[in-house]
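Right, one structure below, let's go through it.
First listed ligand is number 1; within each ligand, the first listed atom is number 1.
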Amino acid sequence: MTVTVLGSGTSTGVPIIGCPCEVCQSNDPHDKRLRASILLTGTKHVLIDSGPDLRQQALRAGVTQIAGVLYTHFHFDHLDGLPDLRPFTFEKTANLTCFANEQTYKKIREKYSYIRERAQHSNVPHLSLDLFEGSEEKGYAAFSIAGLTIQPIRLVHIPTAGVLSTGFVINKTFGYLTDFKTIHPDDEKYLFNLKALFLGSPIDREHVSHIQHSEALALIEKFAPLRGLVGHLSHQYSHNELCELWQGRAEPAFDGLEMEF
Ligand SMILES: [Zn+2]
Ligand SMILES: [Zn+2]
Ligand SMILES: [Zn+2]
C-alpha cells in the first residue's frame, strides 16, 4: 500500500491568511500545509477525511476515483470538503462509502442532510454513510476496503466537550491518530511496533483539544514505530526548525510525503 500525506496543516492551514510570520512567509514548499488528510492506496484509493482543501488536494495528487472515506471526526477541517466528493460519483457505477463513529455519523447527517446513496439529481453527492462496526464502549471491529484492513482506534479529542475522534491502523502497519488528547487504553495494543505512526500535534504548548509536541514525542517513544511522524502542524515552527528540534526522534510531516509499505 501507499500512504500519501495530502495535508499536514492545522485547521487554519499554513500560511494563515494575512499572517506576516516567518513560517507563513516561508518559500520552502515543506511549509505550505493544507488541512489534514491522508490518501491510502490499496487496490483503489481511500481517503482519511475530506477537509476544505479536498478539491485542490485531489487535483494535485491526480486522484480520479475513490472507494471510500474514513472519517476521524466532524470538525470542519476534516469534513467540509464533503460536497467536493461529488465528482467521484459522476460515474453511475461508482460506489463511494464513508465510515464514521456514531457521533460523527449524526453530525454528517445533520449538516449534509441532502446526501443520498442513490440520488435522483446529479447535483447531489451519491454517498453511502456507514457506522464502524462495534461501539465506543466495547470497541470497533476491523473491516476491509480496497484490499486494506482498517482497525478503528477510539480517541477523545475534547474531553471537556465530549468530542470523540477515531484513529486508524491500516494493515497493522500504518497508524494515523490526528486530533486527540487521549487514546482508549484498550486500543493501545494496536499501536505498538508499527512501521509508521502518524500523530497530530499542532504546537508545543498545552492545548485543550490536542496533544502538544512533547506528548507526541513521548508516545512515539512508547509505541516504538520504525518511523514516527507528526502532522496537523501550525505556523509555530518551520519544517527545518522541527527537524532541528526533534533530531530524528520524530519527523515533521509535509504535504506530498509518500510512504510505501
Ligand atoms: Zn483538525
Ligand atoms: Zn504565521
Ligand atoms: Zn478536530
Side-chain angles (χ1 to χ4, degrees), residues 5-39 47-54 56-57 69-82 84 98-108 110-112 136 152-168 175-184 198-213 215-216 219 229-242 245 252-255:
V5 177
L6 297 179
S8 58
T10 193
S11 58
T12 52
V14 178
I16 297 175
I17 296 170
C19 182
C21 84
E22 264 180 46
V23 177
C24 288
Q25 298 301 319
S26 159
N27 289 321
D28 183 348
H30 293 94
D31 294 331
K32 309 289 180 207
R33 298 164 177 155
L34 295 181
R35 265 63 72 88
S37 182
I38 295 284
L39 178 70
L47 285 174
I48 302 182
D49 291 329
S50 61
D53 296 321
L54 171 68
Q56 188 184 348
Q57 289 164 329
V69 185
L70 312 173
Y71 282 106
T72 61
H73 65 302
F74 60 84
H75 284 158
F76 91 99
D77 55 322
H78 299 261
L79 173 63
D80 283 356
L82 183 146
D84 278 331
C98 302
F99 296 91
N101 70 15
E102 197 180 353
Q103 188 182 65
T104 303
Y105 178 96
K106 283 185 179 160
K107 294 277 187 187
I108 296 175
E110 265 170 44
K111 198 165 189 180
Y112 298 107
E136 279 304 310
I153 306 291
R154 291 167 286 171
L155 304 170
V156 177
H157 183 5
I158 314 182
T160 47
V163 175
L164 306 173
S165 64
T166 308
F168 302 102
Y176 182 74
L177 280 56
T178 179
D179 297 30
F180 73 103
K181 284 292 277 184
T182 59
I183 303 168
H184 195 295
F198 186 123
L199 303 175
S201 176
I203 54 174
D204 74 352
R205 283 188 301 274
E206 178 72 28
H207 194 294
V208 290
S209 50
H210 295 277
I211 55 169
Q212 56 181 311
H213 290 168
E215 293 171 282
L219 287 173
L229 298 126
V230 178
H232 209 281
L233 296 166
S234 73
H235 66 160
Q236 188 181 19
Y237 295 111
S238 69
H239 178 81
N240 284 338
E241 285 169 334
L242 290 172
L245 279 167
F254 57 88
D255 291 24

Q) Quick check: does His210 have an N/O/S atom under 2.8 Å of the Zn ion (ligand 1)? A) no
Q.
If I consider every N, O or S atom in His78, which one ends up closest to the Zn ion (ligand 1)? I only need its name.
A. NE2
**Q.** Cys19 atom SG and Cys21 atom SG as seen from the Zn ion (ligand 2), angle to 10 degrees
**A.** 110°
Q. Is the distance from the Zn ion (ligand 3) to the nearest N/O/S atom of His157 under 2.8 Å?
A. yes
(Q) Rounded to the nearest 10°, what angle sits at the Zn ion (ligand 1) between OD2 of Asp179 and OD2 of Asp77? (A) 160°
Q: Quick one: report the N, O or S atom of His75 that is nearest to the Zn ion (ligand 3).
A: ND1
Q: Please work out whether the ring planes of Phe254 and His30 are parallel, tilted or perpendicular, with thresholds of 30° and 60°.
A: perpendicular
(Q) Any side-chain to backbone donor/acceptor pair from Lys32 onto Gly13? Under 3.5 Å, distance only. (A) no
(Q) Is a donor from one side chain sitting under 3.5 angstrom from an acceptor on the other, for His78 and Asp179? (A) yes
Q: Would you please classify the geometry between the Tyr237 ring and the His213 ring as parallel, tilted or perpendicular, with 30° and 60° separating the classes?
A: tilted
Q | Side-chain touch Phe180/Thr72, heavy atoms, less than 4.5 angstrom | A | no
Q. So do the side chains of Phe198 and Ile38 get within less than 4.5 Å of each other, counting heavy atoms only?
A. yes
Q. Among the N, O or S atoms that His235 has, which is closest to the Zn ion (ligand 2)?
A. ND1
Q. Can you tell me if an N/O/S atom from His73 lies under 2.8 Å from the Zn ion (ligand 3)?
A. yes
